[in-house]
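Letters go in sequence order (proteins before strands), and every chain restarts at 1. None of these values were measured; they are calculated from a predicted model.
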Amino acid sequence: MQDARAFREAVLALVGMIPVGHVVTYGQIARVAGYPRRPRQVGMVLKGLPEDTTLPWHRVVNAQGLVPSRGRFWGALLQIQRLRDEGLEVAEDGTLDLERYQWRGEFTPWPQL
DNA sequence: ATGATGACATCTT
DNA sequence: AAAGATGCCATCA
């Protein structure tokens with residue numbers, strides 16, 4: 001590990017690069033950030049985000065396409081709501097079609113945003 | 001300081 | 001295919 005603070009910064013940066021209408025998994029973020037074995041810490045970072053953050057944290061889901069881990073956490077409903085607002089089809093359970101929505105492209109800063 | 005917990009993933013029964 | 005075990009490490013009690 002290099003630095004917890006740097007890790008957090010990297011994660012936040014990547015999350016902000018997720019295109020609208022797409023989602024990524026925790027493992028994906030961790031891997032691209034350069035920390036292949038720390039998907040969990042990614043979640044820790046997001047948990048620490050302020051409520052008024054502009055970061056699209058709702059576009060981060062687990063590897064199964066299930067929104068929050070145990071089905072319902074503090075704001076699963078909110079996350080699902082937001083995803084739907086962006087035009088994604090999310091089931092009541094919070095499950096969604098990863099094959100269809102997972103972002104597979106490069107994580108680069110928005111070309112025009 | 002030690003031990004338990006967790007917005008997860010992956011491997012092994 | 002489904003359930004259990006392991007890895008990981010920052011945060012909390």
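- For residues 8-32 of chain A, no residue pair satisfies the salt bridge (charged side-chain N to carboxylate O under 4.0 Å, His left out) rule, not counting sequence neighbours.
- At least one side-chain nitrogen or oxygen of A:Arg38 sits closer than 4.0 Å to the OP1 or OP2 atom of C:dC9.
- Nearest-nucleotide assignment on DNA chain C puts the 5′-proximal partner with A:Pro39, out of A:Phe7 and A:Pro39.
- Under the side-chain contact (heavy atoms from CB on, under 4.5 Å) criterion, A:Arg40 pairs with no residue at all, not counting sequence neighbours.
- Rounded to an integer number of Å, the gap from A:Leu49 CG to C:dA10 C1' is 14 Å.
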Please list each protein N or O that sits under 3.5 Å from an N or O in nucleotides 11-13 of chain C, with the distance.
none

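- What separates OH of A:Tyr26 from C1' of C:dC9 is a distance of 17 Å, to the nearest Å.
- Take A:Phe7 and apply the ring pair (Phe, Tyr, Trp, His ring centres under 6.0 Å) test, not counting sequence neighbours, and it matches A:Tyr35.
- A search for side chain to side chain donor-acceptor pair (under 3.5 Å) contacts involving A:Glu99 returns A:Arg104, not counting sequence neighbours.
- When all heavy atoms of A:Leu88 and A:Gly21 are compared, the pair lying nearest together is CD1-CA, 3.4 Å.
- Going from atom CG of A:Leu46 over to atom P of B:dG6 covers 17 Å, rounded to whole Å.
- Every pair passing salt bridge (charged side-chain N to carboxylate O under 4.0 Å, His left out) that includes a residue from residues 76-89 of chain A is listed here, sequence neighbours excluded: A:Arg59-A:Glu86, A:Arg84-A:Glu92, A:Glu89-A:Arg100.
- Using a 4.0 Å heavy-atom cutoff across all strands shown, A:Arg40 reaches at least one base atom of the nucleic acid.
- Going from atom CD of A:Gln64 over to atom P of C:dA2 covers 10 Å, rounded to whole Å.
- Distance A:Tyr35 OH to B:dA9 P: 19 Å, rounded to the nearest Å.
- When each of A:Gly43 and A:Arg37 is assigned the nucleotide of DNA chain B bearing its nearest heavy atom, the one mapping closer to the 5' terminus is A:Gly43.
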